[in-house]
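The next block holds one structure in the form of structure tokens; read it before the comments.
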Number of protein chains: 2
Amino acid sequence: MELSSPFPLETVAIEKQTLHDQVANRIRDLIIEGHLAPGTRIDETTLVEQLGVSRTPFREALRTLAAEGLVIIRPSKGSVVRKLTAQDVFSMLELLSHLEKLAGQLVCERASDADIEGLLELHEDMLKRYREGDRLPYYKLNQEFHSRVSELAGNESLREVQANIQARLKRIRFLGNSKPDYWASAVAEHEQMAAALRKRDGDALGRVMAQHLMNTWDRVKDNL
Amino acid sequence: MELSSPFPLETVAIEKQTLHDQVANRIRDLIIEGHLAPGTRIDETTLVEQLGVSRTPFREALRTLAAEGLVIIRPSKGSVVRKLTAQDVFSMLELLSHLEKLAGQLVCERASDADIEGLLELHEDMLKRYREGDRLPYYKLNQEFHSRVSELAGNESLREVQANIQARLKRIRFLGNSKPDYWASAVAEHEQMAAALRKRDGDALGRVMAQHLMNTWDRVKDNL
DNA sequence: ATTCCTTATTTTGTATACAAAATATACTAT
DNA sequence: ATAGTATATTTTGTATACAAAATAAGGAAT
């Protein structure tokens with residue numbers, strides 16, 4: 001018999017998905033993809049029916065989403081999809097810009113050459129999508145790029161927080177790319193990021209990423 | 001009949017605490033105050049009995065705490081109080097140092113004179129506690145000081161994230177003040193913060209606060 | 001009609017009951 | 001004894017049932 005893996009099994013095994021996890025993921029997607037619009041009341045009875053689960057896992061899932069800030073639970077009065085005010089969005093983008101600035105600096109210090117290479121490939125993919133006008137794939141690659149930078153910064157807490165804020169902003173950011181000239185300037189900023197990455201110039205990368213996010217605010221603020 | 005208050009009632013009314021909220025708060029305190037030690041398995045049956053609630057609100061509370069990062073839920077295998085590795089703590093302190101740096105900068109730009117004054121009073125209280133050797137009150141005022149700075153930075157997202165990380169680190173940080181010389185240097189750093197606050201020198205304040213947290217790491221790392 | 005109050009209906013909150021999974025125990029074979 | 005397997009027990013996950021609160025509907029008085 002072969003020698004078994006040096007890692008204990010549980011770290012390798014695919015994590016079992018409990019029902020409430022699945023439900024949380026499902027509702028999260030519904031919110032992020034806009035099928036449950038901000039401000040919408042979350043009707044337990046119908047949603048539970050549509051998902052084919054009982055209220056128990058459903059309500060547990062709601063608590064998770066509430067802690068993530070996607071949903072507001074008003075005691076005895078039902079839950080609603082959190083509606084972001086302009087101020088909410090600004091505060092998130094301001095914070096995110098500082099977080100990604102930090103991530104940009106750290107990634108240049110800490111990531112391996114291969115990882116940087118991977119980021120640059122991602123960037124090339126984005127460019128291709130841009131040139132071909134494929135908005136949705138571009139958008140997804142863009143999310144992936146920002147997530148990956150945070151991940152490769154080598155600070156798990158930073159990664160978590162970035163992921164959470166990015167999730168909350170997903171819909172908003174999509175709007176920001178909806179006008180062509182906005183898209184063009186976003187792409188130009190990403191070019192600068194790539195250049196800084198190639199030089200592993202953390203300060204430059206951080207600066208561009210921060211700027212990128214404050215520009216996102218400018219692109220987005222009038223839609224709120 | 002009198003004219004009613006100009007504010008709608010719900011904004012004034014005390015928020016109704018549902019059972020799962022109370023339970024979440026209760027368990028959170030138990031964890032933070034060390035009555036539920038890191039790594040401890042959370043036994044639903046006994047805990048539910050002690051709290052005198054049924055499993056439903058208890059489990060909902062657990063999901064909240066899990067999302068906050070205080071508890072780990074292992075599907076079908078029970079929950080445990082999250083145990084922080086040295087790396088976890090480092091990543092939190094590194095992130096927190098950047099967050100509070102930002103908070104320090106912003107508070108100098110955005111807070112009112114009265115608010116700054118309030119912070120300085122808090123600082124004086126801390127000094128008094130230090131001189132009298134009252135460790136626990138000092139500790140609480142210290143937490144309050146850092147929270148207040150984040151609050152007065154005028155960015156709600158920043159405040160939330162700071163509060164979350166501070167909560168996770170509460171126990172750890174207490175350790176950091178346990179040795180007298182550590183305490184002394186922490187107080188010295190706070191003196192610098194106060195000086196910067198008086199001058200509304202955001203850069204200086206940010207620098208000291210960031211440094212303060214990286215020093216916390218040095219004070220704490222050997223106890224992990 | 002409009003306002004107020006009363007009574008239904010729906011919706012939410014919590015407890016309990018049942019099912020499924022994991023863990024512990026006891027037994028058998030070697 | 002020990003390893004392995006089968007069975008019992010505990011623990012977790014989910015569904016349902018009941019209670020309490022909020023909302024909606026209906027009707028009486030102005």
Side-chain angles (χ1 to χ4, degrees), chain A residues 1 3-4 8-28 30-31 36-37 39-67 70-82, chain B residues 1-4 8-28 30-31 36 39-67 70-82:
Chain A
M1 193 191 176
L3 191 70
S4 69
L9 233 175
E10 49 177 320
T11 66
V12 170
I14 289 126
E15 263 186 39
K16 183 179 153 189
Q17 284 261 52
T18 62
L19 245 193
H20 41 255
D21 280 317
Q22 291 173 245
V23 171
N25 293 338
R26 189 90 188 72
I27 302 176
R28 193 183 295 112
L30 289 176
I31 293 173
L36 284 173
T40 306
R41 191 162 146 287
I42 295 178
D43 182 7
E44 278 191 21
T45 1
T46 62
L47 222 11
V48 150
E49 194 172 303
Q50 287 184 12
L51 297 174
V53 299
S54 84
R55 286 176 62 217
T56 311
F58 181 86
R59 300 191 89 241
E60 291 180 7
L62 273 191
R63 304 277 307 162
T64 300
L65 297 174
L70 289 172
V71 156
I72 305 283
I73 297 179
R74 304 164 307 177
S76 300
K77 293 177 146 192
S79 310
V80 293
V81 178
R82 180 165 170 191
Chain B
M1 191 192 179
E2 281 293 316
L3 191 68
S4 67
L9 232 177
E10 48 177 321
T11 66
V12 171
I14 288 125
E15 262 187 40
K16 182 179 153 190
Q17 282 261 51
T18 62
L19 247 193
H20 41 256
D21 279 317
Q22 292 173 246
V23 172
N25 293 338
R26 189 88 188 74
I27 302 178
R28 193 184 294 110
L30 288 177
I31 293 173
L36 285 174
T40 306
R41 191 162 146 284
I42 295 178
D43 183 7
E44 277 189 22
T45 358
T46 63
L47 224 8
V48 150
E49 195 172 302
Q50 287 185 13
L51 297 174
V53 299
S54 82
R55 287 176 63 214
T56 311
F58 181 86
R59 301 191 91 239
E60 290 180 7
L62 274 191
R63 305 277 308 162
T64 299
L65 298 174
L70 289 172
V71 155
I72 305 282
I73 297 178
R74 303 164 305 178
S76 301
K77 292 177 146 192
S79 309
V80 292
V81 179
R82 181 166 169 190

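Below, chains carry the letters A, B, ... as their sequence lines are ordered, and counting in each starts from 1. Scope of the values below: all heavy atoms of this structure, side chains included, with no hydrogens, waters or symmetry mates.
With hydrogens and angles ignored, no donor-acceptor pair closer than 3.5 Å exists between the side chain of Ser76(A) and the base of dA22(D).
Atom CD1 of Ile73(B) and atom P of dT11(D) are 18 Å apart (whole Å). Rounded to a whole Å, the CZ atom of Phe58(B) is 17 Å from the C1' atom of dT16(C). Leu19(A) places its CG atom 18 Å from the P atom of dT12(D), with the value rounded to the nearest Å. In this entry the distance linking CD of Gln17(B) with P of dA21(D) reads 16 Å, nearest Å. Distance, Asp43(B) CG to dA22(C) C1': 14 Å, rounded to whole Å. Look at CD on Glu44(B): it is 15 Å from P on dT16(C), rounded to the nearest Å. Rounded to whole angstrom, the span from the CZ atom of Arg41(B) across to the P atom of dT10(D) amounts to 13 Å. Between the P atom of dA15(D) and the CD atom of Glu60(A) lies a distance of 11 Å, rounded to the nearest Å.
Salt bridge status for Asp21(B) with Arg26(B): absent, with no side-chain N to carboxylate O gap under 4.0 Å.
In terms of heavy-atom proximity, Ala67(B) sits nearest to Ala67(A) at CB-CB, 3.3 Å. Of all the heavy atoms in Arg28(A) and Thr64(A), the pair that sits closest is NH2-CG2, 4.5 Å.
Contact check of residues 47-55 of chain A against DNA chain D (heavy atom, cut-off under 4.0 Å) returns Val53(A), Ser54(A), Arg55(A).
An OP1 or OP2 oxygen of dT23(D) is reached within less than 4.0 angstrom by no side-chain nitrogen or oxygen of Arg74(A).
Residue order along DNA chain C, read from the 5' end via each residue's closest nucleotide, puts Gly78(A) first among Gly78(A) and Thr56(A).
Judged as a side-chain hydrogen bond (donor to acceptor under 3.5 Å, both in side chains), and not counting sequence neighbours, Ser54(A) has no contacts. Among residues two or more places apart in sequence or in another chain, the side chain to side chain contact (heavy atoms under 4.5 Å, CB included) test is passed with Ser79(B) by Ile42(B), Leu62(B), Val71(B), Ile73(B).
Rounded to the nearest 0.5 angstrom, Arg82(B) CZ and Leu65(B) CG are separated by 13.0 Å.
Proximity of Ile27(B) to Phe58(B): side-chain heavy atoms (C-beta onward) are separated by under 4.5 Å at one or more points.
Taking the side chain of Thr45(B) as heavy atoms from C-beta on, and the options dA22(C), dT14(C), dT11(D), the nearest nucleotide is dT11(D). Ranking dT23(C), dT12(C), dA15(D) by closeness to the Lys77(B) side chain, first place goes to dT23(C).
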